[in-house]
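To start, the structure under review is shown below, and the notes come after it.
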Protein chains: 2
Amino acid sequence: MAQILENINKIVTLSPEEELLFLSKIEIKTYKAKTVLVNAGEISQYSFFVNWGLLRSFNINDNIVEHVLSFACEGWWIGDMYSLISQKPGNLFIEVLEDAEVVLLSRENQNELFTQIPKLERFFRILTENSLVAHQERLMDNLSLTAEERFDKFCKRYPTIIQRVPQKQIASYIGVTPEFFSKMKSRLLKK
Amino acid sequence: MAQILENINKIVTLSPEEELLFLSKIEIKTYKAKTVLVNAGEISQYSFFVNWGLLRSFNINDNIVEHVLSFACEGWWIGDMYSLISQKPGNLFIEVLEDAEVVLLSRENQNELFTQIPKLERFFRILTENSLVAHQERLMDNLSLTAEERFDKFCKRYPTIIQRVPQKQIASYIGVTPEFFSKMKSRLLKK
DNA sequence: ATTTGTACTTAACCTAGATTAAGAAAGTAA
DNA sequence: TTACTTTCTTAATCTAGGTTAAGTACAAAT
């Protein structure tokens with residue numbers, strides 16, 4: 001039930017009172033697959049932590065092509081950070097891919113918690129640092145690796161995701177069309 | 001002299017004593033152009049804040065091609081975040097492009113400051129959040145925009161950088177070869 | 001059971017950008 | 001001032017990956 005506390009306590013140590021305070025600030029909801037939690041154009045109010053199930057964030061460009069920014073399964077956070085921190089309309093959609101139980105933490109509550117429990121600000125500071133490093137690496141990979149190499153890295157890094165999402169979404173994540181992904185895959189199988 | 005304090009006070013408010021404590025934890029150095037502050041393969045110990053001058057971070061892939069991750073001029077931070085937080089050998093080089101005065105903040109001192117002055121942890125949390133958002137956008141841009149559109153965005157976002165660095169490094173930042181960049185540029189001039 | 005939609009494949013053709021190579025500018029060092 | 005190095009340009013050729021289009025394989029919905 002409180003696996004989110006477990007997740008937090010891997011990085012900082014909350015006292016029982018702090019844990020209670022934290023729990024009083026969150027909501028838990030379950031969603032069916034295909035539910036859209038955040039729409040582009042809206043101002044985001046929530047970060048999401050996945051207890052179980054699977055979500056993704058993506059944008060849609062002018063040519064009506066989707067690009068997957070991230071997947072989030074058990075134990076991962078997801079949100080439209082740009083909209084959350086700027087409080088301007090975001091560019092991301094966040095959608096449920098598999099029925100999911102999700103912890104909702106509102107921006108206001110999060111900011112209150114930051115002053116009430118500095119250790120939580122540390123937790124999110126570290127979380128954000130790790131996310132930044134991952135994005136920097138993905139950016140450099142997109143600049144210097146081939147699609148095949150990016151796919152290879154994706155498989156090693158997120159072996160469980162591959163079984164769980166339609167392959168066109170993996171194609172989108174690594175930055176190729178579904179058609180090319182299919183061609184590449186059959187090429188790899190021949191080896 | 002203390003423009004770094006000005007920079008911090010735009011986001012959080014330090015008391016005079018906190019400012020003094022902070023100043024006691026940093027070093028200021030000047031470097032000549034072409035100095036390399038961080039080498040790939042080394043474990044990074046410092047974050048850098050640019051008082052004046054210009055730095056860049058980049059990596060070199062297996063084919064000996066450079067890819068610029070970021071530029072940093074007056075008022076910007078730069079560092080090899082991956083190596084700093086993991087304390088493993090990094091993949092980045094950080095190099096001085098124009099003679100520069102730089103504030104050095106060691107990882108140890110930064111961590112001490114985080115506990116001594118929680119507001120500083122907030123400052124860096126917000127800084128990291130903003131950087132993450134910028135990297136997310138750049139990632140999506142690389143997936144969905146043409147080289148020309150990325151160049152256009154770069155010009156609007158960093159108008160001063162263009163005058164100051166060799167164009168092959170802008171090419172590298174937006175993710176094209178110098179030859180293609182040159183072709184694209186002359187194509188744009190004809191319009 | 002049949003339609004409807006969504007995911008995946010295959011193949012022909014196309015293009016943005018890479019590669020290779022060579023020369024012109026321009027900065028730097030002696 | 002000359003020589004050396006680095007940057008930039010131009011042009012021919014090449015390729016990773018995109019586009020278009022048609023067909024297949026399932027699910028899910030009626």
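All chains are named by letter (A, B, ...) in the order of the sequence lines, taking the proteins before the strands, and each is independently numbered beginning at 1.
In this structure, A:Gln163 places its CD atom 18 Å from P of C:dA7, rounding to the nearest Å. Rounded to a whole Å, the CG atom of A:Leu188 is 13 Å from the P atom of C:dT10. Following rounding to the nearest Å, A:Glu149 (CD) and D:dA16 (C1') show an atom-to-atom distance of 12 Å. In this entry the distance linking CG of B:Asn142 with C1' of D:dG18 reads 17 Å, nearest Å. One atom, CG of B:Asn63, and another, P of C:dA18, lie 13 Å apart when rounded to the nearest Å. Remark: P of C:dA7 and CD of A:Gln169 are 7 Å apart, rounded to the nearest angstrom. Computed from coordinates, the B:Phe180 CZ to D:dG17 C1' distance equals 14 Å when rounded to whole Å. Going from atom CG of B:Leu143 over to atom C1' of D:dG18 covers 14 Å, rounded to whole Å.
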Can you build the contact string for nucleotides 25-30 of chain C? Use B for base contact, S for sugar-phosphate-only contact, and - for no protein heavy atom under 4.0 Å.
------
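For A:Val176, taking side-chain heavy atoms from C-beta onward, the closest of the listed nucleotides D:dG18, C:dA18, C:dT20 is D:dG18. Looking at the side chain of B:Glu179, the nearest of the listed nucleotides D:dT19, D:dG17, D:dA11 is D:dA11. Between D:dT7, C:dT9, D:dG17, one nucleotide has an atom nearer to the side chain of A:Gln167 than all others, and that is C:dT9. Closest to the side chain of A:Ser182, from the set C:dT9, D:dT7, C:dA7, is C:dT9. The side chain of A:Lys168 has C:dC8 as its nearest neighbour among D:dT9, C:dC8, C:dT9. Listed nucleotides D:dT10, C:dA18, D:dG17 differ in distance to A:Lys183; the shortest reach to its side chain belongs to D:dG17.
Using modelled atom types and a 3.5 Å distance limit, the side chains of B:Glu19 and B:Asn9 yield a donor-acceptor pair. For B:Thr128 and A:Thr128, the side-chain atoms include no donor-acceptor pair closer than 3.5 Å. A donor-acceptor contact closer than 3.5 angstrom is absent between the side chains of A:Gln169 and A:Glu66.
A:Tyr31 and A:Val38 fall within a single hydrophobic cluster, where Ile, Leu, Val, Met, Phe, Trp and Tyr are joined by side-chain heavy atoms under 4.5 Å apart, directly or via other members.
None of B:Glu101, B:Glu74, B:Lys29 except one satisfies the side-chain hydrogen bond (donor to acceptor under 3.5 Å, both in side chains) rule with B:Asn51; the exception is B:Glu101.
Between A:Thr177 and D:dG18 there is a side-chain polar atom (N or O) within less than 4.0 angstrom of OP1 or OP2. For the pair B:Arg187 and D:dA11, the criterion of a side-chain N or O lying under 4.0 Å from OP1 or OP2 is not met. Regarding contacts with the backbone of C:dT9, a side-chain N or O of A:Lys185 is found under 4.0 angstrom from either OP1 or OP2.
A:Asn63 places no side-chain N or O within 3.5 Å of a backbone atom of A:Val65 that could act as its donor or acceptor partner.
Taking all atoms of both residues into account, the shortest heavy-atom contact from B:Gln116 to B:Leu21 is OE1-CD2, 3.8 Å.
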